[in-house]
Amino acid sequence: MTPEVSPPRATAVLVTLALAAFAFVTTELLPVGLLTHIASDLDRSHSRVGMLVSGYAVVVVLASVPLARLTRRIPRRHLLGVTMLLFAAANGTAALAQSYAVLAGARLGTAVAQALFWSIATATVIGPFPVAVRGRVVALFATGATLAPVLGVPLGTWLGQQAGWRTAFAVLAGVGLVIAGAVVALLPSYPPAAGGGARGTAPDGRRFAVLLVATALSIGGFLTVQTYIAPFLLDVSGFADAALTPLLFTAGVAGVLGTLLAARTLDTRPIASLLTALGVGTAALFGLYALGVFPLGAVASLAGLGLAYAAFASAVQNRMLHLAPGSTDIASAAVSTAFNVGIAGGSLLGGALLPASGARALALVGGLLTLAALVLLSRDASRGRVG
C-alpha cells in the first residue's frame with residue numbers, strides 16, 4: 001500500500017512534477033526558437049539544427065519502454081531525482097557546447113531523461129491522491145507541458161536572443177537542479193509496486209492496444225498540420241509574418257483552456273472526454289481545410305485545434321490509468337512511444353505532402369487520420385458497453 005501523504009505534500013508533489021514537465025517540453029522545443037542563433041554560432045545549416053528536435057523524438061520512441069522495464073523496481077523518489085540531475089547535467093553540457101557534436105550528445109542525454117520521466121511521472125503524481133480525483137490530477141499535471149510552448153519556449157527564445165543561446169540552456173540546467181532537490185525532499189520513498197497508481201483500475205490488454213493505435217493515428221493527424229502551421233497561415237490564410245506569434249500564442253492559450261476543461265470531466269466521464277476532445281480536433285482540422293482561406297475561419301479552427309490537442313493528451317493519460325494491463329509505468333512508456341511515433345510520422349507525412357499538395361491539403365489529410373482514430377475509439381467504446 002502507498003504510505004499516507006498529507007494533502008499539502010501531495011499538492012506540492014503535483015506542482016513539482018508539473019514544473020518538471022514544463023522544463024522538459026521547453027527543453028525539447030527550445031532549438032526551434034533559437035534555430036538561427038545556434039546554426040550561425042556552430043556553423044551548421046538550419047536543417048541540421050532542426051535534427052536536434054526530430055532526433056530527440058526518435059530517442060524518446062526507442063528508449064521509453066526499455067528504460068521503464070530496466071528501472072521498474074527502483075523507488076520513484078530516487079529515480080526521479082536522478083532523472084532531474086541527468087536533465088540538469090545534459091542542459092549544462094549544452095550550455096558549454098562549442099561544437100555541434102557536443103550539443104547533439106547533450107540533447108541525447110536530455111532525451112533519455114525525458115523518456116524515463118514520462119514513463120514514471122503520471123503514475124507517481126497520482127499515487128498520493130484518491131481514485132475519485134485522479135483524472136483532475138492528471139489534467140492539472142498536464143498543464144505544465146501545455147504551458148511550455150506558451151511561456152517556456154518564448155521566454156527561453158527571448159533569453160537566448162538577449163544573452164546568447166547557451167544562457168537559455170544554462171538556466172534550464174539550474175531549474176533542473178532545483179526540481180531534483182524538491183523531488184528528493186517531497187516524494188515519499190516506497191517500492192514502485194506499492195504506489196497507488198501502480199496498476200490500472202480496469203486492466204484490458206485489447207482495449208489498451210486500441211488506445212495506443214488511436215493515439216498514434218490522432219497525434220499523427222494533428223502534427224501533419226501543426227508542424228507546418230506557419231506556411232498554412234501565411235500561404236493559405238494570407239496572414240502577414242508578424243501575425244504568426246500572436247496566432248500561435250492564441251493556440252497555446254486555447255490548449256491551456258482545453259486542459260482545464262478536461263480536468264472537470266475526466267473523473268466522471270473518461271471515455272466521453274476522450275471522444276469529445278478528438279471530435280473537436282477532427283472538426284477543427286476539417287474546418288481549417290474548408291475555412292482556412294478566411295482569416296476568421298483560420299483563427300477559430302486554430303484555437304479549436306490547440307484546445308482539442310491538449311484535452312486529448314490529458315484524456316489519453318487518464319484512460320491509460322484505467323486500461324493498463326500491467327504496470328502503469330510500462331503502459332505510460334508505451335503511450336509516450338505512441339505519441340512520439342505520431343509526432344515523427346505526422347511531421348514526415350506533412351513534409352512529404354507539402355511540396356506537391358500545398359499546405360491546405362495537410363488539414364484534410366490530418367482530419368482523415370483523426371477521424372479514423374475517432375471511429376476506432378468509438379467502436380471500441382460501443383463494444384465495451386455491450387460487453
Side-chain angles (χ1 to χ4, degrees), residues 29 32 35 45-47 50-51 53-55 57-58 61 149 213-252 254-255 258 275-313 316 338-379:
L29 300 178
V32 174
L35 188 146
S45 67
H46 289 180
S47 59
M51 288 175 63
V53 176
S54 56
V58 171
V61 168
V213 173
T215 298
L217 277 173
S218 302
I219 301 303
F222 285 126
L223 267 294
T224 297
V225 177
Q226 288 179 325
T227 306
Y228 305 97
I229 196 64
F232 187 102
L233 294 172
L234 295 174
D235 301 336
V236 178
S237 305
F239 285 104
D241 190 63
L244 286 180
T245 297
L247 285 169
L248 295 178
F249 181 77
T250 298
L275 296 178
T276 300
L278 191 51
V280 171
T282 301
L285 286 166
F286 285 136
L288 202 59
Y289 175 72
L291 304 173
V293 293
F294 306 107
L296 284 179
V299 172
S301 299
L302 185 64
L305 196 60
L307 185 149
Y309 183 89
F312 178 73
V316 168
F339 260 85
N340 282 279
V341 166
I343 290 169
S347 299
L348 289 172
L349 178 61
L353 292 174
L354 185 62
S357 304
R360 187 181 180 191
L362 301 186
L364 177 61
V365 173
L368 291 173
L369 287 172
T370 57
L371 179 61
L374 181 60
V375 170
L376 186 62
L377 288 173
S378 298
R379 290 184 62 184

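Both backbone and side-chain heavy atoms feed into the values below; hydrogens, waters and symmetry mates do not. Numbering of residues begins at 1 and proceeds along the displayed sequence.
For the pair Leu302/Thr250, no side-chain contact is recorded, criterion being any heavy-atom separation below 4.5 Å from C-beta on. Taking the side chain as every heavy atom from C-beta outward, Val280 and Phe312 never approach each other to under 4.5 Å. In this structure the side chain of Thr224 never reaches within 4.5 angstrom of the side chain of Thr370, judged on heavy atoms.
Nearest approach of Gly342 to Leu223, heavy atoms of both residues: O-CB, 4.2 Å. Contact between Gly258 and Ala311 at its shortest, heavy atoms only, is O-CB, 3.6 Å. Between Ser301 and Gly287, the closest heavy-atom pair is OG-C, 3.3 Å. Looking at every heavy atom in both residues, Gly304 comes nearest to Ala284 through C-CB, 3.8 Å. Here the closest non-hydrogen pair linking Leu369 and Leu349 is CD1-CD2, 3.9 Å. Heavy-atom minimum distance, Ser237 versus Pro295: O-CG, 4.1 Å.
Within the structure, the ring pair (Phe, Tyr, Trp, His ring centres under 6.0 Å) test picks out no pair touching residues 279-301 (sequence neighbours left out). Counting only residues at least two apart or in different chains, ring pair (Phe, Tyr, Trp, His ring centres under 6.0 Å) contacts with residues 218-243 comprise Phe222-Tyr309.
Contacts of Ser218 classified as side-chain hydrogen bond (donor to acceptor under 3.5 Å, both in side chains), with partners at least two apart in sequence or in another chain: none.
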List the steps and the verdict of side-chain contact (heavy atoms from CB on, under 4.5 Å) for Ile229 and Leu288. CA-CA 10 Å; Ile229 196 64; Leu288 202 59; 4.1 Å; yes
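Leu233 CG to Asp241 CG: the interatomic distance, rounded to the nearest 0.5 Å, is 11.0 Å. Leu285 contributes atom CG, which lies 8.0 Å from atom CD of Gln226 (distance to the nearest 0.5 angstrom).
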